[in-house]
Amino acid sequence: VVDLGQLEDAIEVTPHALTGESFLSAEDELLVDEGNHKCSAFAATGPATRDGQVVFGQIFMWYGYTGVHWNVICDLVPTDGHRLVYHTFPGGIHSGSDFYINSAGIVIGETTVSQTPFDPTGTPQSNRIRKAAQYADSIDDVERILTTDNNGMYTNDWPIADVKTGEVAILLLGTEKHKLWRTGDDMAPFGTPGFLWANNNNRDPEVRKEYLAQPEDRPFDLVFGPWNRDVAFNEFYRDHAGEIDATAAVELWASSPINRAHACDGKITTTEMAERMVFLAHYGKVTLREKFPQGGYRIMPDLPDAIPHLSLGYAVASPIWVTEQLK
């Protein structure tokens, strides 16, 4: 289902008979849709954090009419692979938001970037990320599984943490191209030792080339331009470098412009928590701004079956503890 939602954007950058034609005015082409601001995430470790260990967070942002339905935490003990916990919707066999922790100490988040071409010979993102969450023992495993038989749909930045080694990374996954930044390597273009963030803004020129069906035949600005959230993440790092912990993460998630009008929740975990598959989970917008369906309201229009999006605060999600109590 998630793949189908990205198909229209993927077709726009897949070569076809109308490649190069535009039916928008110049003014319309310059507009940046608020819907392009979809999620915020960060992964911090080493010199960036208070104890030198991992702090990881993700905010799921989706227009409230459907975002409210991502209200399930699934605890799965498979026959093969690792036990995994993920944030999802009723009946979800993968996250879709995306937020995962597995029993091997791998934490995975996601923020969407602009869609790259569709490869019909590949497999859906939902299939590959579920495999990565269930079977990965390392950052390299996550990269290998997500890039194998990639159909290009649902183009994402994937923040990843390995709490066993204390390393964090971000995998920008296009269709034919991908880029992995990790704290153990060169941190350019971030320039923030131990701190990586993702906010829907593609940083890699090779993946950016995939936004055009024929990039060598049309002018296109490949230069990365910071968004206001990039600036805010940089400011957060400058103010908190060496002191980032779960409390700082809570405060970051409640700040603007990191948290936008259509934010739906907040999740935070640390090395100590992730080792026990525990995380802080906030149902509803973390700034406590509740949303109610209204006629003509762009964030939550009063459509059939629209329900209020309440803000219920943070809770400690500990699926292993709950399972033991149920036994």
Side-chain angles (χ1 to χ4, degrees), residues 2-3 6 9-10 12-14 32 36-45 56-61 95-100 106-119 122-126 128-129 131-133 136 138-162 167-192 194-212 215 220-227 229-230 233-234 237:
V2 174
D3 277 16
Q6 311 297 318
D9 289 342
E12 289 180 1
V13 292
T14 304
V32 177
N36 288 335
H37 298 282
K38 295 180 179 177
C39 294
S40 291
F42 77 89
T45 191
F56 190 101
Q58 193 236 14
I59 292 178
F60 173 50
M61 292 196 278
S95 173
S97 2
D98 289 84
F99 182 80
Y100 298 87
I106 301 299
V107 185
I108 306 173
E110 167 265 307
T111 75
T112 310
V113 300
S114 295
Q115 180 62 50
T116 54
F118 172 46
D119 180 356
T123 57
Q125 173 267 352
S126 55
R128 288 176 284 112
I129 186 54
K131 285 183 178 178
S138 66
I139 291 170
D140 291 322
D141 283 347
V142 177
E143 178 186 22
R144 173 180 52 81
I145 295 169
L146 283 177
T147 56
T148 300
D149 297 325
N150 172 24
N151 72 351
M153 297 299 291
Y154 201 29
T155 311
N156 291 320
D157 263 327
W158 294 95
I160 311 162
D162 183 344
E167 187 176 22
V168 303
I170 286 181
L171 172 65
L172 171 59
L173 182 59
T175 303
E176 296 296 330
K177 304 292 184 180
H178 71 276
K179 174 70 175 180
L180 181 69
W181 293 277
R182 54 200 309 169
T183 50
D185 296 334
D186 180 16
M187 290 281 289
F190 292 88
T192 48
F195 184 72
L196 298 169
W197 72 90
N199 58 289
N200 319 121
N201 195 2
N202 178 351
R203 300 172 181 84
D204 183 67
E206 293 303 312
V207 178
R208 288 173 69 86
K209 286 180 182 178
E210 294 194 292
Y211 291 162
L212 290 176
F220 181 64
D221 186 2
L222 295 177
V223 175
F224 168 76
W227 291 1
R229 279 186 290 158
D230 291 300
F233 274 117
N234 264 285
Y237 175 80

Could you tell me the separation between the [atom1] atom of [X] and the [atom2] atom of [Y], rounded to the nearest 0.5 Å?
| X | Y | atom1 | atom2 | answer |
| --- | --- | --- | --- | --- |
| Ser95 | Ile129 | OG | CD1 | 8.5 Å |
| Ile170 | Glu110 | CD1 | CD | 11.5 Å |
| Thr112 | Gln6 | OG1 | CD | 6.0 Å |
| Leu196 | Tyr237 | CG | OH | 10.5 Å |
| Asp141 | Lys131 | CG | NZ | 13.5 Å |
| Asp204 | Asp157 | CG | CG | 9.5 Å |

What are the two closest heavy atoms between [X] and [Y], and how far apart are they?
| X | Y | answer |
| --- | --- | --- |
| Gly152 | Thr175 | CA-OG1, 3.4 Å |
| Arg128 | Asn150 | NH2-OD1, 3.1 Å |
| Tyr154 | Asn156 | O-ND2, 2.9 Å |
| Ala43 | Phe56 | CB-CD1, 3.8 Å |
| Arg208 | Asn201 | NH1-OD1, 4.4 Å |
| Trp158 | Gly109 | CE3-O, 3.0 Å |

Under the 3.5 angstrom rule, does the side chain of [X] hit a backbone N or O of [Y] as a donor-acceptor pair?
| X | Y | value |
| --- | --- | --- |
| Gln58 | Asp98 | yes |
| Thr183 | Gly194 | no |
| Glu143 | Leu180 | no |
| Asn199 | Ser40 | no |
| Thr45 | Val168 | no |

(request) Would you mind checking if Arg182 and Asp162 are paired as a salt bridge, meaning a charged N to carboxylate O distance below 4.0 Å? (result) no
(request) Answer yes or no: is there an ion pair linking Arg203 with Asp230, defined by an N-O contact shorter than 4.0 Å? (result) yes
(request) Any chance you could lay out the side chain to side chain contact (heavy atoms under 4.5 Å, CB included) test for Met153 and Phe118, step after step, and finish with the verdict? (result) CA-CA 6 Å; Met153 297 299 291; Phe118 172 46; 3.5 Å; yes
(request) Apply side chain to side chain contact (heavy atoms under 4.5 Å, CB included) to Arg229 and Thr111, showing your working. (result) CA-CA 13 Å; Arg229 279 186 290 158; Thr111 75; over 6 Å; no
Taking the side chain as everything from C-beta on, heavy atoms only, tell me whether [X] gets closer than 4.5 Å to [Y].
| X | Y | result |
| --- | --- | --- |
| Lys177 | Glu210 | yes |
| Asp140 | Arg144 | no |
| Asn234 | Trp197 | yes |

(request) Check the pair Asp119, Glu176 against side chain to side chain contact (heavy atoms under 4.5 Å, CB included), reporting the backbone distance first and the verdict last. (result) CA-CA 9 Å; Asp119 180 356; Glu176 296 296 330; 4.2 Å; yes
(request) Evaluate whether atom CD of Glu206 has more than 12 neighbouring non-hydrogen atoms of other residues, nucleotides or ligands under 6.0 angstrom away. (result) yes
(message) Which residue in the set Ile139, Ile145, Leu146 passes side-chain contact (heavy atoms from CB on, under 4.5 Å) when paired with Val142?
(response) Leu146
(request) Please lay out, stage by stage, how Thr192 and Phe233 fare under the test side chain to side chain contact (heavy atoms under 4.5 Å, CB included). (result) CA-CA 10 Å; Thr192 48; Phe233 274 117; over 6 Å; no
(message) Side chains of Thr155 and Gln115 only: does a donor on one sit below 3.5 Å from an acceptor on the other?
(response) yes
(message) Measuring centre to centre across the rings, with the benzene-like ring taken for any Trp, is Phe195 within less than 6.0 Å of Phe190?
(response) no
